Every structure is written in C-alpha cells, then in structure tokens.
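Report on one structure; see the data block that follows.
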There are 2 protein chains.
Amino acid sequence: MAAMEHVAADADIAPVAALIADPTRAAILTALLGGQALAAGELARMAGVSAATASAHLSRLLDGALVAVVRQGRHRYYRLAGPEIAEVLEVLARVGGRPPVRSLRQSRQARMLEEARTCYDHLAGRAGVGLFDRLREAGCLAGEEVTPEGERLLGGLGVDVEGARRARRRFAPECLDWTERRAHLGGALGAAITAVLFERGWYVRGPVPRAVNLTDAGREGLAALFSGKELTSHTPVT
Amino acid sequence: MAAMEHVAADADIAPVAALIADPTRAAILTALLGGQALAAGELARMAGVSAATASAHLSRLLDGALVAVVRQGRHRYYRLAGPEIAEVLEVLARVGGRPPVRSLRQSRQARMLEEARTCYDHLAGRAGVGLFDRLREAGCLAGEEVTPEGERLLGGLGVDVEGARRARRRFAPECLDWTERRAHLGGALGAAITAVLFERGWYVRGPVPRAVNLTDAGREGLAALFSGKELTSHTPVT
DNA sequence: CGCATCCTTCGGCCTGCGGCGAAACGTGCC
DNA sequence: GGCACGTTTCGCCGCAGGCCGAAGGATGCG
C-alpha cells in the first residue's frame, strides 16, 4: 500500500491539493473523470458557475498541469492531463467517501487485507512483514543486499536473484507497511519472491482485489524453508 | 489504473483535498508519513508554526478523520488515521513531484505501461481494451453478463466463470482505461481471466511494477482462442 | 463586413481562514 | 497545594482568492 519506494523526494503536495480543494474545481475535475474532453462553457454549466468563474478555474488547473486543453474552432475542450490525475481523484474519492462506520462485510475485508495483501507486486500486511523478519533472522538480508546465505535459500526456492538485481528498479528496498507500521520487502527482489510464492501455490489471490491467502502448502513450505530443510524441486510455470 | 468500480458514488473530494491543501497541514501530514505518532508540540516545531496554530490545524485534521490521536499523560500523540490517508499523500506526491519533462527511461516505462499493465488485478492498457473488444466481438459478453458462447470459450481457456460469479465483488463491470480512454474488463471475471493468462504464461510481469508483457505463447494462444480453434489442454498451477 | 457565439480578462466586492499572543485548561511532579 | 509544562481556546488582524457583470478578443457564418 505504502509505495514509499516510488515517492519523489519530498514533493510539494499542498499546491496540487489546493487546486482540487475548491468545490467548483473539484466538480470540474470530477466531470472530466468520465474521460471525454468537455468544452469550457459546458463545464461552467455543470459546475453551476458563470463562464467567467469557470474560465478562471480552468486557467489555474491548466497552470497546475491538472488539465490539458485542445482548441477546436471557437470551442476549447478540456480534459484531464493524464492518468495520474485520474488516480489522485479516485483515491481522494475513496477517502472522502468512506463511511464513518464500517459495515461487517467491509471490516471483514479489511481484516483480510491486514493479514496478507499485495502492495503493487510484492507481499504486504502481517504476512509481508513476517516474511521480511524471517528473512532477516535467517541472515538472508544485509542492508539492501542479499547475503550468500540468502542467495542459497532464495535460489533453492526458485527465486531469480540475479535477474532481480539487473531489473530497472531498486533491488531490495524496505517498503513501509501501513497496517503494520513496520517494513516489508519491496522492489525487484520482493516482487520476484512474491511471484514464486504464487507460482508454487503457497499464496493464492482472494476474492477482494488485493487480498491474498496462505494455502496449506504455503504454510508447510514456509515452515520447511526456514527450518533449513531442503525444498522439493520445483518447475516454474513459464 | 482507473478503479472506477471501487469509487464511492460521487464522494466529495474537495473537503479532503482542502485539508491537505494548506502548506502547514501538508507539512504535518508529511511528517506523520514516517509512520510513528508524534506529539502536538513536536509537529508544531516541525511545521514551523506556533503551538496554537498547530493545535488548530490538528483539530481540523481530526475532524476530517485524516489523523487520529492518542492521549498519554500530558502529551497528545497524533498519527495518520489509516493506510488510505498515506496512500492519498503518496499519490499526491507523485503528481506534485512529477518532472515537467520526462526522461527517456521514464517515457520508455510509460510506453510499456500504456501497452499492457495490471489495474489492481486485471489486465489494462491497449492489451486490456483489446481483449475486451475481442471478447465482445466474439459474442462472449452481453451487458454485465457472460453469454453461453462466452461460457464455452472462457471455460475452455480454464477460467472459473461460476466461481467469479459467486465472488463478493461485481462480476464483469467495465473499468475505464485511462491511457486508452475506453473500457476494459474489470471485476471478478476480469481478475479470473487475467489469472489464467498468467498461469498459462501468456503474459508475464515486466521489470516495472505494474507492467506486463505478452509472450510468444500468449500471442499464439490468443490468436487461436479467437479463431475458434480448440486449445491445448491445460493443468492449472494450484 | 456584420453579427452571433464562445471564451477570457478586468475591476470590485466580500467571505473564509491562517497567523499570532494571551489566557485557560489539564496533567504530572514535588 | 503549588508549580511547570504541554495543549487547547479565544480574540483579533490581514490577505488570498472565489464570485459576478461588463468589456474585450477570437472564431465561424451568411
């Protein structure tokens, strides 16, 4: 969930938030969430303000690079500047729209996500930090590197450590886990390990989008892995 | 990327954004991104304002449920209210911090993501909308349902359509694709199909977090699938 | 060219809200 | 109890910025 590894070094979030913070601008942006470009006048009508007001807002949104404009005859069609903008609006909507009290179903789903989930492409939640801890305890990790011991253990599991090292992303960064408030393993290595866990069927995806479940095979496999026993051989799917 | 299916029916995003929009509050929230709870006075010092000012801000953040507080003696320790809040801040940071001009490497990554990526747990990008179109053309989908023809084709592929229908989420909603500006298939069915694509090795995850790549096997398999030929039998990994 | 349409710029009004110091409140310590 | 300290509440000031109507481009049409 917390994609610390991807956050630009302390970017100014206030100016962007300020652009979205005005109700009229928010209405405009939400209207544009549909994906199609809309004319300035139409946006003014949708937002319930005069053309002059809407124009001022659109000008600021343009400055802030939240929207882009294409002139066509005497119309100016505005659209969101990119997918990231839509993402921001959607995440904000999830936070703003969350009900003050959770339904039973929601809290059940929340508990599942706390137990084990994916964070982008690596394992997170209690399972994620647990795995990270056990890898450290077993002496597999030192700083952002893998020890020879770790190479052996992960290699035996079927993880392509060398491949992960060559990937175009950070190798083994800690990724702050937001439900556990502690680190789990992210980056190329975290993704590679997680891929193997799925290939082996040790974890399977759950009904809720990012939830994953530990299988019986996974429980046994992980226990064996960290008790030092050799693993049964394994043929990857690809 | 566009998780339309999860957005609450037009939630008010402006109030949340307004809370983040003030530079002082943004500084406080960013300070709390570290994960540990901090005392009010400490936050005041970090944000560079008087205790009175910080207190007022914290009070508003508390009202808006962006932070939570725990009293301990004469201190009050504030922390972010939950993982969603961290997520909002991180997404905002990505947008606010994005460089005006993309590096070669970034634009290469962006192109990869435009071609094919995952959106939560289903296929998106050109590949996602393409697959959706071909499923529709083949008469597999009707509204939010699967036709008998679709049952046959997907069943032959190894997709558990019945299982997806029973899942605790929408079955086959359209999900707006933000790079293509058209719909792709989301929900339980989209996830189930995507899972099979990975199991069969038709798609593999790429070096960039959400990127996926079509394999040669995938190209052939998909071509065969939509040309009506029978598929080679398939043993799932789990 | 003249007019209608769409959009932006300008000038003025006014509310909202962030800032501070001082005082009040609550808690721990002696 | 009395004091110190952390935090909140109160009162006040100042300004950023949202709103509109009117005027000023720009574009298309006849």
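Chain naming here is simple, since letters A, B, ... match the order of the sequence lines and numbering starts at 1 in each. If you're wondering where the values come from, they're calculated on a predicted model, not measured in any experiment.
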Q. So, for B/His122 and B/Thr194, which heavy atoms are closest and what is the spacing to 0.1 Å?
A. CA-OG1, 3.3 Å
Q) Got a second to check how far A/Asp133's CG is from A/Phe226's CZ, nearest 0.5 Å? A) 10.0 Å
Q. Tell me: CD of B/Glu42 to P of D/dC5, nearest whole Å?
A. 17 Å
Q | Closest non-hydrogen atom pair, B/Arg117 against B/Val212 | A | N-CG2, 3.8 Å
Q. Quick one: does A/Leu33's side chain get under 4.5 Å of A/Glu90's, heavy atoms only?
A. yes
I'd like a list of close polar pairs between nucleotides 26-30 of chain D and the protein, N/O only, cut-off under 3.5 Å.
| residue | atom | partner | partner atom | Å |
| --- | --- | --- | --- | --- |
| D/dT27 | OP1 | A/Arg71 | NH2 | 2.9 |

Please output the side-chain donor-acceptor pairs of residues 134-144 of chain B that fall under 3.5 Å, not counting sequence neighbours, one pair per line with the distance.
| residue | atom | partner | partner atom | Å |
| --- | --- | --- | --- | --- |
| B/Arg136 | NH1 | B/Glu174 | OE2 | 3.3 |
| B/Glu144 | OE1 | B/Arg170 | NH2 | 2.4 |

Q: Identify the two heavy atoms, one from B/Ala39 and one from B/Tyr77, that lie closest to each other, and give their separation to 0.1 Å.
A: N-CD2, 3.6 Å
(Q) Does a side-chain N or O of B/Ser50 approach OP1 or OP2 of C/dG19 to a distance below 4.0 Å, or not? (A) no
Q) Does some side-chain heavy atom of A/Leu89 sit less than 4.5 Å from a side-chain heavy atom of A/Leu80? A) yes
Q: Please list, by residue number, the residues of residues 51-63 of chain A whose heavy atoms come closer than 4.0 Å to an atom of DNA chain C; answer none if no residue qualifies.
A: A/Ala51, A/Ala52, A/Ser55
(Q) Applying a 4.0 Å non-hydrogen cut-off, can you work out what A/Ala39 is touching in the nucleic acid: base, sugar-phosphate, or nothing? (A) sugar-phosphate
**Q.** Any residue of residues 22-29 of chain A with a heavy atom less than 4.0 Å from an atom of DNA chain C
**A.** none
Q. Does a side-chain heavy-atom distance below 4.5 Å link A/Ile85 with A/Leu32?
A. no
Q.
To check you understand the geometry: which heavy-atom pair defines the closest contact between A/Leu38 and A/Ala31, and what is its length?
A. CD1-O, 4.0 Å
Side-chain donor-acceptor distances from residues 52-61 of chain A under 3.5 Å, at least two apart:
| residue | atom | partner | partner atom | Å |
| --- | --- | --- | --- | --- |
| A/Thr53 | OG1 | A/Ser50 | OG | 3.1 |
| A/His57 | ND1 | A/Arg25 | NH1 | 3.1 |

Q) Whole-Å distance between C/dC20 P and B/Arg45 CZ? A) 15 Å
Q | Rounded interatomic separation in angstrom, taking CG from A/Leu38 and C1' from C/dC7 | A | 15 Å
(Q) Under 4.0 Å, heavy atoms only, any strand: does A/Tyr78 hit a base, just the sugar-phosphate, or nothing? (A) sugar-phosphate
Q.
I'd like to know whether A/Met46 forms a side chain to side chain contact (heavy atoms under 4.5 Å, CB included) with A/Thr30, so could you lay out the CA-CA distance, the side-chain angles of the two residues, the decisive distance to 0.1 Å, and finally the verdict.
A. CA-CA 10 Å; A/Met46 285 186 182; A/Thr30 304; over 6 Å; no
**Q.** Nearest-Å distance for atom pair CG/C1', residues B/Leu19 and C/dG16
**A.** 14 Å
Q) Using rotation axes that map the C1' atoms of four end pairs onto the next four (five pairs an end), what angle separates the end axes of the helix from C/dC1-D/dG30 to C/dC30-D/dG1, to 10°? A) 30°
Q. Within this structure, what is the NE2-to-C1' distance between A/His75 and C/dT8, rounded to whole angstrom?
A. 15 Å
**Q.** For B/Thr24 against B/Ala47, the heavy-atom pair lying closest together
**A.** CG2-CB, 3.9 Å
Q: Identify the heavy atoms of B/Ala116 and B/Ala127 that sit nearest to each other, and give their distance.
A: CB-CB, 3.7 Å
Q) Is there side-chain contact between B/Val95 and A/Leu66, with at least one heavy-atom pair below 4.5 Å? A) yes
**Q.** First of B/Gly41 and A/Ala18 reached from the 5' end of DNA chain D, by closest nucleotide
**A.** B/Gly41
